[in-house]
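Written out below as structure tokens is the structure these notes cover.
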Amino acid sequence: MRIDPIKIEKLELRDIGCFEEIQIDFSSRFNLLCGANGVGKSTVLSVVARAFSHHQSALRRRSASSQPGNWSVDFVKGGVSQRATGSSEGLLPGEHDKPQAVFVESSRSVLYFKATRDFLYSRLEAIARDPPSDTNHWSNSAILGIDQGDLKRWLANRYLFSAHPGSLTSRQEADLAFAKECFSILDHRVRFRTVDAASFDTYVDTPQGSVPFEYLSSGFRASLAMLLGIIREIEIRGFEEPAQSFSGVVLIDELDLHLHPTWQQAIVSALKKAYPFAQFIVTTHSPHMIQHAENGEVIALVSDGTSAPRVGKFETSRYGFKGWSLEEILTDVMGLSDTTSEIFSNAMRQFDLAIERDDSESVRFWMTELDAMIHPTSHLRKLIRLQAGPIRGRFDD
């Protein structure tokens, strides 16, 4: 069945979660939601998913408000603008929100992956058929997130049946071929090898030899679980087109979870390349992802600690944050108060105070302490010596 493309355009919240009032406009391709802990990144994903589900949700109103909270999600489906709305009076666990207008029939095109995901080892006794996939399943997944515990069975099923002509559809064959390619996206040295017909274990070739996939690092497994999970979910939802043609919405909470910084940009590039027609809305704590994002892809939620979160406004050029240092992104965009250790910050304060007091003995002491802490090639080392130069010179005399 061919499905009209869906793109989320705008979300508005009033007294929902930690938000007093906020409007977020989304890019049609890739969106990186970032900010300090507690600024509502996961709430944004939950509300977007809520727009496509008739199942109960635990969205809560803002604790500081006595009035019910309200939300709306504007999206375009097949060129037609639509709006989903809902409210929430509940505050305590177990209380549920009240949707006014949700679009359950469109939930098929919305994939929601929560932060808990991995490709853990499990012993398969058989390769069962695909689980039921219908509107009720899609609606429930929009609230609870997609269960990825079935990835190993799905891959074993497709690979072993591919040996029998006519057992897979052309779409399933295309999806299997792409799934194999995904094993090498983050590391070209890792390649899909086979699925053992006796144990149903997936083996990969690595520089250390052939091993079960579950023996690889948690970061690699989490990345592949993400890539394969999208393919698998698109396929069992019965779209006519191969997974790479998917034109719906993919929501991912904590995309950088378990990932080494060298892979954090790689997974973003891989998702964009793998699914060129999909819209991604993801949350991240990674300054590396923000630093490499394209202009218009970063949505930073900021708060000064005394007011509700808002969308941060930053003066950037067509290069976005590509020229910003990681420290600048961590403090100005991610809301980190300090990027150095408490011991180092205190040493710098004491050094500055010694300079102000013209205390040559203390200057020398704290300069020696700082010299032992700072990175060997840091430019700060030279700046400290320049600052201390006149005072230290008198002391040496």
Requested in this report: For Asp359, check salt bridge (Lys or Arg N to Asp or Glu O under 4.0 Å) against everything at least two apart and list the hits.
Outcome: Arg357
Query - Of all pairs that satisfy salt bridge (charged side-chain N to carboxylate O under 4.0 Å, His left out), the ones with a partner from residues 159-172, not counting sequence neighbours - result: Arg171-Asp175
Query - Partner residues of Arg29 under the salt bridge (Lys or Arg N to Asp or Glu O under 4.0 Å) criterion, sequence neighbours left out - result: none
Query raised in the report: What residues, two or more places apart in sequence or in another chain, satisfy side-chain hydrogen bond (donor to acceptor under 3.5 Å, both in side chains) together with Gln82?
Result: none
Query raised in the report: Charged N to carboxylate O below 4.0 Å: is that the case for Arg310 and Glu21?
Result: no
Report task. State which residues pass salt bridge (Lys or Arg N to Asp or Glu O under 4.0 Å) with Glu89; sequence neighbours excluded, sorted by chain then number. Result -> Lys98
Requested in this report: For Val76, check side chain to side chain contact (heavy atoms under 4.5 Å, CB included) against everything at least two apart and list the hits.
Outcome: Glu9, Ser81
Report summary line: With sequence neighbours left out, the residues meeting ring-ring contact (aromatic ring centres under 6.0 Å, His included) with Phe75 are Phe52, Phe103
Query raised in the report: Is the gap between the ring centers of Phe192 and Tyr159 under 6.0 Å?
Result: yes
Query - Residues in salt bridge (Lys or Arg N to Asp or Glu O under 4.0 Å) contact with Arg50, at least two apart in sequence or another chain - result: Asp97
Requested in this report: Can you sort out the partners of Asn70 under side chain to side chain contact (heavy atoms under 4.5 Å, CB included), two or more places apart, ordered by chain and number?
Outcome: Ser87
Query raised in the report: Is it true that atom CD of Gln23 has more than 12 heavy atoms of other residues, nucleotides or ligands lying nearer than 6.0 Å?
Result: yes
Query - Partners meeting ring-ring contact (aromatic ring centres under 6.0 Å, His included) with Tyr203 (sequence neighbours left out) - result: none
Requested in this report: Could I get the full list of ring-ring contact (aromatic ring centres under 6.0 Å, His included) partners for Phe314, not counting sequence neighbours?
Outcome: Phe321
Query raised in the report: Listed by chain and number, what are the side chain to side chain contact (heavy atoms under 4.5 Å, CB included) partners of Phe178, not counting sequence neighbours?
Result: Glu181, Cys182, Ile231, Gln244, Ala274, Tyr275
Query raised in the report: Judged by modelled atom types alone, do His285 and Asn37 share a side-chain donor-acceptor pair under 3.5 Å?
Result: yes
